[in-house]
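For reference, the structure is listed below as structure tokens.
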Amino acid sequence: MESQEALDRFQQYVEAENKVEAKDWMPANYRKQLVRQIAQHAHSEIVGMLPEGNWITRAPSLRRKTILLSKVQDEAGHGLYLYSACETLGVDRDTLINELHIGKAKYSSIFNYPTTSWADMGAIGWLVDGAAIVNQVSLQRTSYGPYSRAMVRICKEESFHQRQGYEIMISLAKNGNEAQKKMAQDAFNRWWWPSLMMFGPSDAHSPNSAQNMAWKIKRHSNDELRQKFVDMTVPQAEYLGLTIPDKDLKWNEATGHYDFGEIDWTEFNEVVRGNGPCNKQRIATRKKAYDDGAWVREAAMAYAEKQKAKKDAA
Ligand code: FAQ
């Protein structure tokens, strides 16, 4: 049973901007919320490799291929930092991965959309990594130390990712021929709204926000971060000469922000429930990769045991 005194002391500790470390006392629900969010984040990085992985063999040049390959590998690294951060809270990786495979753990809705043209690589880097950075820069100040430190490292890499995506968009939308401009606009039309959905439900419908903001797990609300992303991205789209697929989007002089149209929450909820265009395919691919990799895990364990036995015998 957690005493009110311990809970109050914890609250004061996080309010004073102290970091909570793995061995510190923490409320059971704080631990549970962190495992939920960090695991969802880790799964997103790993499943997030799939839409772009689809284009590695079809990149238009050797330069583009090597850049995309490195980017996708970086996402795997982010997944590993995050699984490690989650393990510091006392859950093991096999449990987390199993929860993803059986549909118990969520991952970001964005990775359930198909990548149908090369311009999607530009749109993902620019918009999806761009949205991820807005969210993750805020999370650098999260109250849990291992998560916060993972975010600092991840953000450095994500900013490269965002720039490589924008550079693809410059080549296609600004410097490209008519067909390339059309391809860039089509990718933008398909990725704009799902990118806004990445920030989660509106604040009024976000059950986890109030407590997690109080504990400083989250530092900004879903709507605050979404607005920040819109304000940052609209001028970038204008520079590219792209049309924002939202007839309600307009600058609001009074608020100093862009107003934008209503997100299709029915679509968002369907995708989160597992009924997006690619949900089944994504999980099936992950499960197959995991099963196909069983021999690698077994070999690594056998090697570690052999080394340990040698060391113990010496
Ligand atoms: N998709 O109460 P809230 C990346 C769920 S990384 C699916 O507002 P919360 C890098 C939510 O889990 C992208 N589910 O939840 C990359 C909750 O469900 P539960 C991932 C969503 O946690 C780039 C329920 O709805 N980033 O992209 C989504 O306070 C390119 C109620 O929502 C992170 O995970 C969604 N979009 O706020 C990789 C960042 N939104 O568990 C490859 C860390 C909400 O109660 C290529 N996470 N849900 O059943 C966060 O900041 C937060 O968890 C939010 C959601 C903001 C995502």
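These numbers come from a predicted model, not from an experiment. Whatever order the structure lists them in is the order used to number ligands and atoms, beginning at 1.
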Is there a heavy atom in His205 that sits closer than 4.0 Å to ligand 1? no
How far is atom 12 (O) of ligand 1 from its nearest protein heavy atom, and which residue and atom is that? Gln40 OE1, 2.5 Å
Quick one: does Asn135 get a heavy atom under 4.0 Å from ligand 1? yes
Tell me, which protein residue and heavy-atom name are nearest atom 42 (C) of ligand 1, and how many Å apart are they? Glu75 CD, 3.4 Å
Around atom 29 (O) of ligand 1, find the nearest protein heavy atom and jot down its residue, atom name and distance. Lys218 NZ, 2.6 Å
Would Arg297 count as a cation-pi partner of Tyr290, with NZ or CZ less than 6.0 Å from the six-membered ring centre and within 45° of the ring normal? yes
Atom 54 (C) of ligand 1 within contact range, any protein heavy atom under 4.0 Å: no
Ser206 N/O under 3.5 Å from ligand 1 N/O: yes
How close do Gly125 and Gln164 get, counting heavy atoms only, and between which atoms? CA-NE2, 4.0 Å
protein heavy-atom neighbour closest to atom 45 (O) of ligand 1 works out as Asn208 ND2, 3.1 Å
Heavy atoms from other residues, nucleotides or ligands near NZ of Lys250 exceed 12 (cutoff 6.0 Å): no
Considering only heavy atoms of Glu158, which atoms of ligand 1 have at least one such atom less than 4.0 Å away? 10 (C)
Considering the heavy atoms of Met197, write down every atom of ligand 1 situated less than 4.0 Å from one of them. 36 (N)
Does Asn212 approach ligand 1 within less than 4.0 angstrom via side chain, backbone, both or neither, non-hydrogen atoms only? neither
Less than 4.0 Å is my threshold; does some heavy atom of His161 fall inside it relative to ligand 1? no
closest protein heavy atom to atom 27 (O) of ligand 1 is Phe111 CZ, 3.4 Å
Per-atom contacts, ligand 1 versus Leu139 - under 4.0 Å to a heavy atom: 43 (C), 51 (O)
Judged by atom type as modelled, is there a donor-acceptor pair below 3.5 Å linking the side chain of Asn189 to the main-chain atoms of Pro245? no
Under 4.0 angstrom from ligand 1, any heavy atom of Ile38? no
Please report the interatomic distance NZ(Lys106) to CZ(Arg273), rounded to the nearest 0.5 Å. 10.0 Å
Starting from atom 31 (C) of ligand 1, which protein heavy atom do you reach first, and at what distance in Å? Pro207 CD, 3.8 Å
If you measure every N/O of Phe199 against every N/O of ligand 1, is any gap under 3.5 Å? no
Which of the ligand 1 atoms, numbered from 1, are nearer than 4.0 Å to a heavy atom of Ser44: 13 (C), 20 (C)
Select one of side chain, backbone, both or neither to describe which atoms of Phe268 lie under 4.0 Å from any atom of ligand 1, heavy atoms only. side chain
For Arg31, is there an ion pair with Glu2 - N to carboxylate O distance below 4.0 angstrom? no
I need the contact type for Arg36 against ligand 1. Using non-hydrogen atoms and a strict under-4.0 Å cut-off, is it side chain, backbone, both or neither? side chain
So with a 6.0 Å cut-off around CD of Gln307, is the heavy-atom count from everything else above 12? yes
Close-contact set for ligand 1 against Glu52 heavy atoms, below 4.0 Å: 46 (C)
Here's one to test your reading of the geometry: is the NZ or CZ of Lys71 within 45 degrees of the ring axis of Phe160 and under 6.0 Å from its centre? no
Structural part of Met198 in contact with ligand 1, heavy atom criterion under 4.0 angstrom: both
Could you tell me whether Lys71 approaches ligand 1 through its side chain, its backbone, both or neither, with non-hydrogen atoms closer than 4.0 Å? side chain
Proximal ligand 1 atoms for Asp129, defined as those under 4.0 Å from one of its heavy atoms: 23 (C), 30 (C)
shortest atom 50 (C) of ligand 1-to-protein heavy-atom contact is with Gln37 NE2, 3.5 Å
If hydrophobic clusters are built from ILVMFWY residues whose side chains come within less than 4.5 Å, do Met151 and Val14 share one? yes
Hey, any chance Trp193 and Trp191 share a hydrophobic cluster, counting ILVMFWY side chains that come within less than 4.5 Å of each other, even indirectly? yes
Counting N and O atoms only, with roles assigned by atom type, does the side chain of Asp129 sit under 3.5 Å from a partner on the main chain of Ser159, one being a donor and the other an acceptor? no
Say whether Lys106, considering both its backbone and side-chain N or O atoms, lies within less than 3.5 Å of an N or O atom on ligand 1. yes
Considering only protein heavy atoms, which is closest to atom 7 (C) of ligand 1, and at what distance to one decimal place? Tyr107 O, 3.3 Å
For Val272, the atoms of ligand 1 under 4.0 Å from one of its heavy atoms are 7 (C), 14 (N)
Which of the atoms of ligand 1 are close to Ala132, meaning less than 4.0 Å from one of its heavy atoms? 4 (C), 10 (C), 27 (O)
Sub-4.0 Å heavy-atom approach of His78 to ligand 1: no
Closer than 4.0 angstrom, basic N to acidic O: yes or no for Glu224 and Lys228? no
Asn252 side-chain N/O to Asp259 backbone N/O, donor-acceptor pair under 3.5 Å: no
Would you please classify the geometry between the His78 ring and the Tyr81 ring as parallel, tilted or perpendicular, with 30° and 60° separating the classes? tilted
Within 6.0 Å of CZ in Arg93, more than 12 heavy atoms from elsewhere: yes
If you compare Gly53, Ser109, Ala76 by their heavy atoms, the one closest to atom 1 (N) of ligand 1 turns out to be Ser109
Shortest non-hydrogen contact from Gln140 toward Val152: NE2-CA, 3.7 Å
Between Asn222 and ligand 1, which residue portion shows a heavy-atom distance shorter than 4.0 Å: side chain, backbone, both, or neither? side chain
Scan Trp126, Phe199, Phe260, Tyr258 and name whichever one has a ring pair (Phe, Tyr, Trp, His ring centres under 6.0 Å) with Phe229. Phe199
Quick one: does Thr115's side chain get under 4.5 Å of Glu52's, heavy atoms only? no
